[in-house]
Every structure is written in C-alpha cells, then in structure tokens.
**Student:** 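Handing you this structure, nothing more for now.
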Amino acid sequence: MSPEIIAQLAPTGVLRAGINLSNFLLVTGRTAEGDPQGVSPSMAAAIAARLGVAVKYVPYPKPGELADAVDTGAWDIGLIGAEPQRAEKIAFTAAYSQIEATYLVPAGSPITEIAQVDQPGIRIAVTARAAYDLWLERNIHKATLLRTDTLDSALTRFVDEKLEVLAGLRPRLITDLKSLPGARILEDKFTAVQQAIGTSRKNTAAAAWLHDFVEEAKASGMVAGFIAQHGVQGLSVGDPA
C-alpha cells in the first residue's frame, strides 16, 4: 500500500468515514457500541481493512451537512449520493450502489407519468438537500419545489397541504403508500441516486485508489454481499464505470 495513499486517507492513523444517517437503505441499524450498521458502514470498514487501519465512523443527520464538511478535516471519506453540486469539492468514485427516485401522487390525481409533473401549478414536497432534491433543483423548471427538513416532514406537508406530488426514494415511498389510501407511485423514475464514496479533491492519489477499490468491490460481489447481509430491498449494485 502506497504511503501517499495512507497519508491522504488516514492522516490521523485511522480512516474517518463520514456516514449519512438519513439514508435508511444504507444505514439500517446500530451496533451495541452505537456505531452505524449497514451497507455504507460496511463499505467504509472494508476500505479501512484494505488500508490496514481502523475505521472511525463520523455520523451526520443529513447528507448536505456531510458534504459541507469536506475540507474541515472532520472526515477522510464520505459516503453520500454523488451529485454535480457536491462534486465541485468532492472527488467521487463511480456509484457502488444506486436507488431509484420517483414520485407519489394522491388518490384521484390525473398524473400518470413523470413527464406530467413539471407543469405550472404542480407543487412537489421534497426533503431538502437530498441527492434527488439536487437533481430536481437542476431539472424542474415549471413546477414548485416545497422543501422540508426530513423525510417524515415531507410526507406530512404533502398530506396537510394537499400537494400534488411527493418526491422520494422508491423504497420509502412504498412505505408511505401504506398510510395513503388510493395514492399511487409512478412506475418510472426521474433519476437514480448514485451512492458513491468521496474524498477531498486535493487527495488525487487517494481518489484514484478509491475508484479502483469500488470497481473491484462491485465486480467481486462484495457490494452485493453487503446488500444481502443487511437484508436491504430497493438497493442495487452500481453499474461498472
């Protein structure tokens, strides 16, 4: 292992991994010691093992807060959705996993497909600074995005204000559907959130090494194994780069 890569990824002697706690597919529980468990922490632990150092999890309640901390020295790698806004400061690997994002509409809605959503008068409830919110910010031009702080508050606003659309990850929307008689989830997706591993752009050698590690993890079945191990549905292995 190159000393340069270890110096960039573990400057304190351990790999500090920024973990997004709000992604319920990638973080599915806690250990007895309180550390996050799931596909994302398992990927971080595998990277630390390959480097020959211990892993220290640095949890964040929201992905935007994790991304904002990229050059503060708080974490060495961050496991979040790779979006262009974030990539300005973070060097991302290709996705190790991906999650479909789509829309839920209320009972009686005339909306039947994705293309009908971006129209004047359509109000979309969305969780602020989620990866799919960043996509919507770039691509929604006529409809109105109404942002909330959490997944639960997005659902509450959708219901209380009788909004036309709720945006979210398909697995979460399937859960929300149970409390919304007559509501529907659109069959198509507006994007697939690319869950990747990033490091500061100044870590050029480390970024290249992480890219190769992720491609190997996908090809070898490691990522698929973590998905199966943690019993996650709605998460698939990322495409080869």
Side-chain angles (χ1 to χ4, degrees), residues 1-21 23 25-27 31 33-60 63-99 131 134 192-230 232 235-241:
M1 180 59 59
S2 162
E4 181 183 14
I5 292 170
I6 294 177
Q8 290 181 4
L9 288 181
T12 64
V14 300
L15 177 71
R16 297 167 299 173
I19 302 294
N20 169 28
L21 297 181
N23 192 313
L25 294 179
L26 295 176
V27 179
T31 66
E33 295 75 27
D35 286 331
Q37 284 183 314
V39 174
S40 179
S42 291
M43 284 293 292
I47 292 170
R50 182 68 63 86
L51 293 172
V53 300
V55 64
K56 178 182 179 181
Y57 299 112
V58 184
Y60 290 87
E65 294 177 11
L66 191 163
D68 288 344
V70 57
D71 285 322
T72 65
W75 52 262
D76 305 309
I77 62 171
L79 294 94
I80 52 174
E83 289 295 318
Q85 291 97 319
R86 296 171 182 169
E88 293 176 4
K89 294 185 177 181
I90 300 174
F92 283 109
T93 66
Y96 65 90
S97 65
Q98 53 190 358
I99 314 165
L134 299 179
V193 178
Q194 305 293 301
Q195 297 296 330
I197 300 172
T199 190
S200 173
R201 283 204 163 273
K202 65 187 179 187
N203 296 334
T204 53
W209 183 87
L210 286 169
H211 173 274
D212 292 344
F213 178 90
V214 166
E215 293 311 302
E216 178 188 330
K218 291 185 290 188
S220 69
M222 178 189 290
V223 178
F226 288 151
I227 293 172
Q229 174 188 339
H230 295 290
V232 182
L235 187 67
S236 59
V237 177
D239 297 329

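Everything numeric in this text was worked out from a predicted model, so none of it was measured.
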**Student:** Step by step, work out the side chain to side chain contact (heavy atoms under 4.5 Å, CB included) result for Asn23 and Ser40.
**Tutor:** CA-CA 9 Å; Asn23 192 313; Ser40 179; over 6 Å; no

**Student:** Would you list the pairs meeting salt bridge (Lys or Arg N to Asp or Glu O under 4.0 Å) in which at least one residue belongs to residues 192-211, sequence neighbours left out?
**Tutor:** none

**Student:** For residues 37-49, pull every pair meeting salt bridge (Lys or Arg N to Asp or Glu O under 4.0 Å), keeping only residues two or more places apart or in separate chains.
**Tutor:** none

**Student:** Could you pull out all residues at least two apart from Glu215 that satisfy salt bridge (charged side-chain N to carboxylate O under 4.0 Å, His left out)?
**Tutor:** Lys218

**Student:** I need the Leu15 CG to Ile47 CD1 distance, nearest 0.5 Å.
**Tutor:** 6.5 Å

**Student:** Using the salt bridge (Lys or Arg N to Asp or Glu O under 4.0 Å) rule, collect all pairs that involve residues 35-44, keeping only residues at least two apart or in two chains.
**Tutor:** none

**Student:** With the side chain counted from C-beta on, respond yes when Val223 and Met43 share a heavy-atom pair under 4.5 Å apart, and no when they do not.
**Tutor:** yes

**Student:** Would you please name every residue forming a salt bridge (charged side-chain N to carboxylate O under 4.0 Å, His left out) with Arg50, sequence neighbours left out?
**Tutor:** Glu216

**Student:** Which atoms form the tightest heavy-atom contact between Trp75 and Gly198, and what is the distance?
**Tutor:** CZ3-O, 3.7 Å

**Student:** Give the intermediate values and the outcome of side chain to side chain contact (heavy atoms under 4.5 Å, CB included) for residues Leu79 and Leu26.
**Tutor:** CA-CA 9 Å; Leu79 294 94; Leu26 295 176; over 6 Å; no

**Student:** Can you name the residues that form a side-chain hydrogen bond (donor to acceptor under 3.5 Å, both in side chains) with Asn20, not counting sequence neighbours?
**Tutor:** Ser22

**Student:** Please tabulate, for the side chains in residues 84-91, all donor-acceptor contacts under 3.5 angstrom to protein atoms that are two or more places apart in sequence or on a different chain.
**Tutor:**
| from | atom 1 | to | atom 2 | distance (Å) |
| --- | --- | --- | --- | --- |
| Gln85 | OE1 | Arg138 | NH1 | 2.9 |
| Arg86 | NH1 | Gly81 | O | 2.8 |
| Arg86 | NH2 | Arg129 | O | 2.8 |

**Student:** Can you name the residues that form a ring pair (Phe, Tyr, Trp, His ring centres under 6.0 Å) with Tyr57, not counting sequence neighbours?
**Tutor:** none

**Student:** I need the minimum non-hydrogen distance between Ile197 and Ile77, along with the two atoms involved.
**Tutor:** CG2-CB, 4.1 Å

**Student:** Please report the shortest heavy-atom distance between Ile227 and Ser236, naming the atom on each side.
**Tutor:** CD1-C, 4.1 Å

**Student:** Do any pairs count as a salt bridge (Lys or Arg N to Asp or Glu O under 4.0 Å) and have a residue in residues 69-78, sequence neighbours left out, and if so which ones?
**Tutor:** Arg16-Asp76

**Student:** Can you name the side-chain hydrogen bond (donor to acceptor under 3.5 Å, both in side chains) partners of Lys56, sequence neighbours left out?
**Tutor:** none

**Student:** Of all heavy-atom pairs between Val27 and Pro41, which one has the smallest distance, and what is that distance?
**Tutor:** CG2-CD, 4.3 Å

**Student:** Show, in sequence, the C-alpha distance, side-chain angles and deciding distance for Phe92 and Ile80, and conclude whether the side chain to side chain contact (heavy atoms under 4.5 Å, CB included) test is met.
**Tutor:** CA-CA 9 Å; Phe92 283 109; Ile80 52 174; 4.0 Å; yes

**Student:** Under a 4.5 Å cut-off applied to non-hydrogen side-chain atoms, are Val39 and Leu235 in contact?
**Tutor:** yes

**Student:** Thr93: which residues meet the side-chain hydrogen bond (donor to acceptor under 3.5 Å, both in side chains) condition with it, sequence neighbours left out?
**Tutor:** none

**Student:** Testing the basics here: between Thr31 and Gln37, what is the closest heavy-atom pair and its distance to 0.1 Å?
**Tutor:** CG2-CG, 3.3 Å

**Student:** Identify every side-chain donor-acceptor pair in residues 204-214 under 3.5 Å, counting partners at least two apart or on other chains, and give the distances.
**Tutor:**
none

**Student:** For Glu83 versus Ala131, what's the shortest heavy-atom pair and its separation?
**Tutor:** CD-O, 3.5 Å

